[in-house]
Amino acid sequence: MSPIPSCYDFDSPEADVILLSSEPDCREFRLHKCILATASPFFRDMFSLPQSPAEDSRLPVISVSESGSILDPILRFLYPIPNPDISSLDELVRLVDVAIKYEFEIVLSSLRRVLVSPPFVEEEPMKIFSIACRYEFENEAKIASRYTLRQNVIEGPLTDDLKYISGYSYHRLLELHRTRARAAQKLLQPSNDLKCSQCNGTGFTLYGCPRWWCEFEARAREELAVRPTSDVIFGIEFLAKTLAVGCPRCPASLFESTGFLQELKQQIDSLPDTI
């Protein structure tokens, strides 16, 4: 869990209610009813009920089932203070559950933004897609689906997160990958100007394709079938392996085809990329 910042410790002398966290910390959060009621229909309804008079001028205490390490970041999203750092997606999911439980919509909105922020969405897009589907966060599911294009979702590991994805949602993701892969593969058509002075240097090979393109197309089709994005096939490493099986003049041919390859990349990038 994120460490508790020391800049604000929820100990305001102007507080008019206390939230008491559960064991093991049993921490007292001295809060303001007006903030809780404004942010949460749950607390607004609670405070609208008849209240028993406080004894000895003590503040009313509301005991909750959450620990202080969970309540603290929730309240930091709620109060007009800097937002806390979320260290993991598991922590974020626990906070989402609490925000939903207490109807903290403003907190939930902040957590949804964190969910699809880097590095989370770049490092674990499939897990984020699972979380978004679990809570019916449609926009976040769309964003995560775009980042899953960089992964082989068919051969990915079986994780507990997949338990929360419906067959419908998983089918939508697979259909995105299949449809985009087929569309990207269809774009792999050589230009008439694609020539190599050695590969196409005789009358028998004049109208053929350079060896580097034949290798590029074959390997690109395989790559796009599992990861339908342009990130890999136009990378230096991929192109270097393509040239390794070409003729000595293929590097010059590829260099002269830079404009064609850039246009091809733009065409692939413009294909639909979300569920």
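Given the structure is predicted, the values throughout are model-derived calculations rather than measurements. The residues of the chain are indexed from 1 along the displayed sequence.
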Problem set entry | Crowding at NZ, Lys241 (>12 non-hydrogen neighbours, <6.0 Å) | no
Side-chain contact, heavy-atom cut-off 4.5 Å: [X] with [Y]?
X: Asp90; Y: Lys127; answer: yes
X: Leu188; Y: Leu224; answer: yes
X: Gln198; Y: Pro248; answer: yes
X: Ile233; Y: Ile268; answer: yes
X: Leu95; Y: Pro73; answer: yes
X: Gln262; Y: Thr258; answer: yes
X: Leu162; Y: Ser130; answer: yes
X: Phe234; Y: Phe216; answer: yes

Exercise. Would you say the side-chain atoms of Asn152 pair up with the backbone N or O of Ile154, donor to acceptor, closer than 3.5 Å?
Worked result: yes
For this session: Indicate yes or no for a side-chain donor-acceptor contact from Arg180 to the backbone of Pro228 under 3.5 Å, with no hydrogens or angles considered.
Result: yes
NZ/NE/NH1/NH2 to OD/OE distance under 4.0 Å, [X] and [Y]:
X: Arg178; Y: Glu175; result: yes
X: Arg27; Y: Asp72; result: yes
X: Lys265; Y: Asp269; result: yes
X: Asp273; Y: Arg146; result: yes
X: Asp16; Y: Lys33; result: no
X: Glu217; Y: Arg221; result: yes
X: Glu223; Y: Arg219; result: no

Is there a path from [X] to [Y] through hydrophobic residues (I, L, V, M, F, W, Y) whose side chains come within less than 4.5 Å of each other?
X: Val93; Y: Ile74; answer: yes
X: Ile86; Y: Leu115; answer: yes
X: Leu187; Y: Leu149; answer: no
X: Phe77; Y: Val116; answer: yes
X: Ile165; Y: Ile131; answer: no

Rounded to the nearest 0.5 Å, how far does [atom2] of [Y] lie from [atom1] of [X]?
X: Leu111; Y: Glu140; atom1: CG; atom2: CD; value: 10.5 Å
X: Ile275; Y: Leu176; atom1: CD1; atom2: CG; value: 8.0 Å
X: Cys209; Y: Arg211; atom1: SG; atom2: CZ; value: 13.5 Å

Seminar exercise, completed: Of all heavy-atom pairs linking Pro210 and Ser253, the shortest is CG-OG, 4.0 Å
Exercise. Minimum heavy-atom separation for Glu103 to Pro41, with atom names?
Worked result: O-CD, 3.4 Å
Problem set entry | Pair Phe260 and Trp213, ring centroids less than 6.0 Å apart | yes
For this session: Answer yes if the ring centres of Phe10 and Tyr8 are under 6.0 angstrom apart, and no otherwise.
Result: yes
For this session: For residues 156-167, pull every pair meeting side chain to side chain donor-acceptor pair (under 3.5 Å), keeping only residues two or more places apart or in separate chains.
Result: Ser166-Ser169
Exercise. Any side-chain donor paired with an acceptor under 3.5 Å for Tyr102 and Glu66?
Worked result: yes
For this session: Examine the side chains of Ser145 and His177 and answer whether a donor and an acceptor come within less than 3.5 Å of each other.
Result: no
Exercise. For Lys101 and Ser65, what are the C-alpha separation, side-chain angles and deciding distance, and is it a side-chain hydrogen bond (donor to acceptor under 3.5 Å, both in side chains)?
Worked result: CA-CA 11 Å; Lys101 173 182 176 180; Ser65 59; 3.0 Å; yes
For this session: Could you go through the side chain to side chain contact (heavy atoms under 4.5 Å, CB included) check for Val96 and Leu92 one step at a time?
Result: CA-CA 6 Å; Val96 167; Leu92 189 143; 3.7 Å; yes
Exercise. Can you list the steps and then say if Arg112 with Ser109 is a side-chain hydrogen bond (donor to acceptor under 3.5 Å, both in side chains)?
Worked result: CA-CA 5 Å; Arg112 291 176 69 166; Ser109 295; over 6 Å; no
